Amino acid sequence: MKNNDTLRGLSKRLVADGLMEETAAHEALAECESEKTNFVHYLTHHNILPANIIASVAANEFGTPLYDLDAHNMQLCPKEVVEKKLVRKHQVLPLYKRGNRLFLAQSDPTNHLAVSEVRFQTGLSIEALLVEHDKLQAALAIFLDLQDEDIGDALGTMDDVHLDDLDIASGDEEDTGPTNFSDADDAPIVRFINKLMLDGIKQGCSDIHFEPYEKTYRIRFRTDGILREVTKPPSNLAPRLAARLKVMSQLDISERRVPQDGRIKLRLSKNRAIDFRVNTLPTQFGEKIVLRILDPTSAQVGVENLGFEEDQKKAYLDTLQKPQGMILVTGPTGSGKTVSLYTGLNILNTVERNISTAEDPVEINMPGVNQVQINYKVKLTFPEALRAFLRQDPDVIMVGEIRDLETAEISIKAAQTGHLVLSTLHTNSAPETLTRLLNMGVPAFNVATTVNLIIAQRLARRLCPHCRKPAEDIPQNILIEEGFDNIGKPMEEVTLFHPVGCSKCTQGYKGRIGLYEVLEVTPLISRIIMEGGNSIDIEEQAIKEGFRTLRQSALRRAAEGIISLEEANRVTKD
């Protein structure tokens with residue numbers, strides 16, 4: 001272990017106050033040096049310590065006044081005094097000017113170079129004030145008006161990172177090594193897009209939206225199912241951003257009138273690569289482009305981490321071990337159906353089984369599984385792929401989605417002839433899935449004797465365990481009105497929590513959890529199907545047999561403090 005005497009300033013004070021282990025402090029300083037970033041930014045960015053704690057300790061250590069940026073009127077900031085390149089370079093904010101004195105906000109009190117350069121450039125006396133790092137970042141985003149900047153400055157607001165090691169190739173190419181884009185790789189546009197893609201992966205977002213409008217251009221991340229704006233480059237960059245993304249995904253850059261689909265492979269290291277599914281859409285003021293992040297590790301989360309309750313998990317695992325029949329997963333787009341199916345396939349993926357999938361598109365590559373990309377241009381449709389599968393001695397078949405009667409009939413035929421079939425449908429609940437198949441034209445006998453299990457699901461944002469707070473004094477009549485008297489738990493065991501928000505989460509939420517209703521097709525439910533019963537009849541019988549609706553599952557998770565009541569209502573309330 002290194003001697004504590006080698007620590008200086010803020011790091012030494014944090015260790016002395018018991019806020020950091022000495023080893024952790026040395027490791028953080030070493031990482032700062034390798035990442036070429038300052039100590040405060042590193043601690044905050046990696047959620048090692050809250051920004052307010054760091055600022056408080058730094059203020060005491062260096063005797064620098066601590067200033068609350070929340071109380072500052074951004075309109076008072078002098079916009080022409082400090083060159084914006086210095087503001088960006090040193091991450092400092094001019095607060096206000098009093099005569100020959102300029103009050104400068106910074107989160108790192110050891111950055112004496114910033115004060116010196118600002119003093120030299122302005123010719124003013126500098127009064128440095130200490131602020132919390134996260135608040136400073138938010139204030140700088142407001143202060144730096146990107147709309148009036150040239151391309152280099154506008155894109156330079158994003159933190160610089162080491163992007164040289166990234167290997168970017170079209171997802172349709174063979175992975176034979178780095179793809180070179182000549183000297184253009186050093187251009188601001190290229191580095192900007194690479195940084196956005198890397199940030200999207202680090203922040204766990206599922207989609208990146210590039211959206212052109214008449215006078216503005218915005219880029220949004222979808223994180224935990226919620227879209228949020230991350231930056232607004234100048235609108236005149238829209239064609240160049242679109243062209244770069246289309247080059248990366250090997251699309252036709254001259255075609256701007258019709259939608260196009262492509263893929264990008266981003267190799268982060270020798271052992272990890274992330275695929276991006278790219279879609280372009282012509283809009284009134286340019287092409288909107290959406291990148292869907294396809295992380296192969298999402299297929300290996302493990303069934304225990306999906307969010308099933310114990311009886312639901314057991315029903316899924318037991319059905320997966322049956323030699324034949326059909327498992328259907330249903331829910332709206334973005335509800336996690338693909339991950340649930342891939343998790344099941346991952347369990348079944350052994351040397352003894354022949355597994356084939358037909359998908360549109362293939363989202364996650366799985367070694368050991370024969371995955372077929374549907375291609376309507378060459379008439380490789382779901383039915384054609386399924387017919388081919390049945391001639392190749394399959395054990396397990398996965399159909400990306402049952403969209404029509406022909407696909408449904410072939411899938412059911414496969415399930416009736418000794419194969420386990422997994423697929424998805426778009427319905428709102430598990431009981432409605434059975435009537436949806438009947439409405440498609442599938443005979444009731446085939447539905448009743450083939451479908452083994454139906455899983456309907458939604459994704460809800462988890463409450464951050466670090467900052468959630470108990471919801472106090474909720475009247476019991478409100479709890480009953482919400483349905484907490486019908487979730488299989490005593491009312492006195494219901495403890496609700498509200499989101500707060502801290503440095504470790506996003507607005508009080510961190511990550512997502514699945515909410516499920518799992519319907520086993522029992523003999524009594526099969527009888528209802530063959531007698532022409534509707535989804536209401538099926539649900540009533542299922543509830544008698546212990547079935548829980550999505551609403552009940554959501555309320556149970558809220559009662560356990562895993563999600564908030566607001567989130568339960570957002571996802572499941574009728």
Side-chain angles (χ1 to χ4, degrees), residues 171-172 174-175 263 275 294 296 298-303 315-330 337-425 433-434 437 440-443 445-455 520-521 526:
D172 296 327
E174 291 184 10
D175 187 14
R263 290 175 81 96
D275 283 342
L294 308 174
S298 63
Q300 301 166 359
V301 294
V303 69
Y316 188 27
L317 293 176
D318 288 348
T319 309
L320 283 172
Q321 298 308 316
K322 292 184 178 180
Q324 64 186 49
M326 182 178 283
I327 299 174
L328 295 173
V329 182
T330 182
K337 301 188 298 296
T338 300
V339 172
S340 294
L341 281 179
Y342 274 115
T343 301
L345 286 180
N346 203 43
I347 294 170
L348 296 170
N349 188 11
T350 62
V351 176
E352 295 81 16
R353 290 189 179 95
N354 176 21
I355 304 176
S356 296
T357 73
E359 304 170 67
D360 183 24
V362 174
E363 294 196 3
I364 299 171
N365 296 325
M366 290 191 71
V369 175
N370 308 292
Q371 296 172 278
V372 174
Q373 169 71 55
I374 297 303
N375 188 343
Y376 292 101
K377 292 180 180 178
V378 297
K379 298 184 179 179
L380 177 55
T381 61
F382 280 113
E384 285 299 318
L386 286 170
R387 291 189 186 98
F389 290 168
L390 293 175
R391 294 192 289 269
Q392 293 217 335
D393 184 32
D395 296 302
V396 179
I397 294 172
M398 196 268 272
V399 185
E401 182 183 350
I402 294 178
R403 299 176 179 173
D404 51 54
L405 177 58
E406 187 178 13
T407 305
E409 287 179 335
I410 300 174
S411 300
I412 284 176
K413 178 184 175 182
Q416 288 174 328
T417 54
H419 309 99
L420 181 63
V421 179
L422 289 75
S423 188
T424 71
L425 272 174
T433 304
L434 293 167
L437 289 172
M440 274 187 178
V442 179
F445 175 80
N446 288 346
V447 174
T449 58
T450 303
V451 180
N452 293 334
L453 188 77
I454 302 171
I455 301 170
E520 296 183 79
V521 181
S526 295

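All values derive from a computational prediction rather than experimental measurement.
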Are [X] and [Y] side-chain neighbours, meaning at least one heavy-atom pair lies under 4.5 Å?
X      : Y      : result
Asn370 : Asn354 : yes
Thr338 : Glu359 : no
Val451 : Leu437 : yes
Ile410 : Phe382 : no
Ile355 : Met398 : no
His419 : Leu390 : yes
Leu420 : Leu422 : yes

Checklist entry - Can you check side-chain contact (heavy atoms from CB on, under 4.5 Å) on Thr381 and Thr407, steps first, answer last? => result CA-CA 9 Å; Thr381 61; Thr407 305; over 6 Å; no
Item to check | side-chain contact (heavy atoms from CB on, under 4.5 Å) partner of Leu320, chosen from Ile347, Leu453, Thr343, Val396 | outcome: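 Exactly one option meets the side-chain contact (heavy atoms from CB on, under 4.5 Å) with Leu320, and it is Ile347.
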Checklist outcome for this item: In terms of heavy-atom contacts, Val329 and Ser340 come closest through CG1-CB, 4.5 Å
Checklist entry - For the residue pair Val399 and Ser411, what are the closest heavy atoms and their distance? => result CG2-OG, 3.7 Å
Checklist entry - Can you find a side-chain donor-acceptor pair between Asn446 and Gln416 that sits under 3.5 Å? => result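 Yes, because at least one side-chain N or O of Asn446 sits under 3.5 Å from a partner of the opposite role on Gln416.
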Item to check | Inter-residue atom distance Ser423.OG - Glu401.CD, 0.5 Å rounding | outcome: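 Answer for the OG-CD pair, Ser423 versus Glu401, is 7.5 Å.
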Checklist entry - Would a distance-only check, ignoring hydrogens and angles, find a side-chain to backbone donor-acceptor pair under 3.5 Å from Thr450 to Val447? => result no
Item to check | Gln373 and Asp360: CA distance, side-chain angles, deciding distance, side-chain contact (heavy atoms from CB on, under 4.5 Å) verdict | outcome: CA-CA 6 Å; Gln373 169 71 55; Asp360 183 24; 3.6 Å; yes
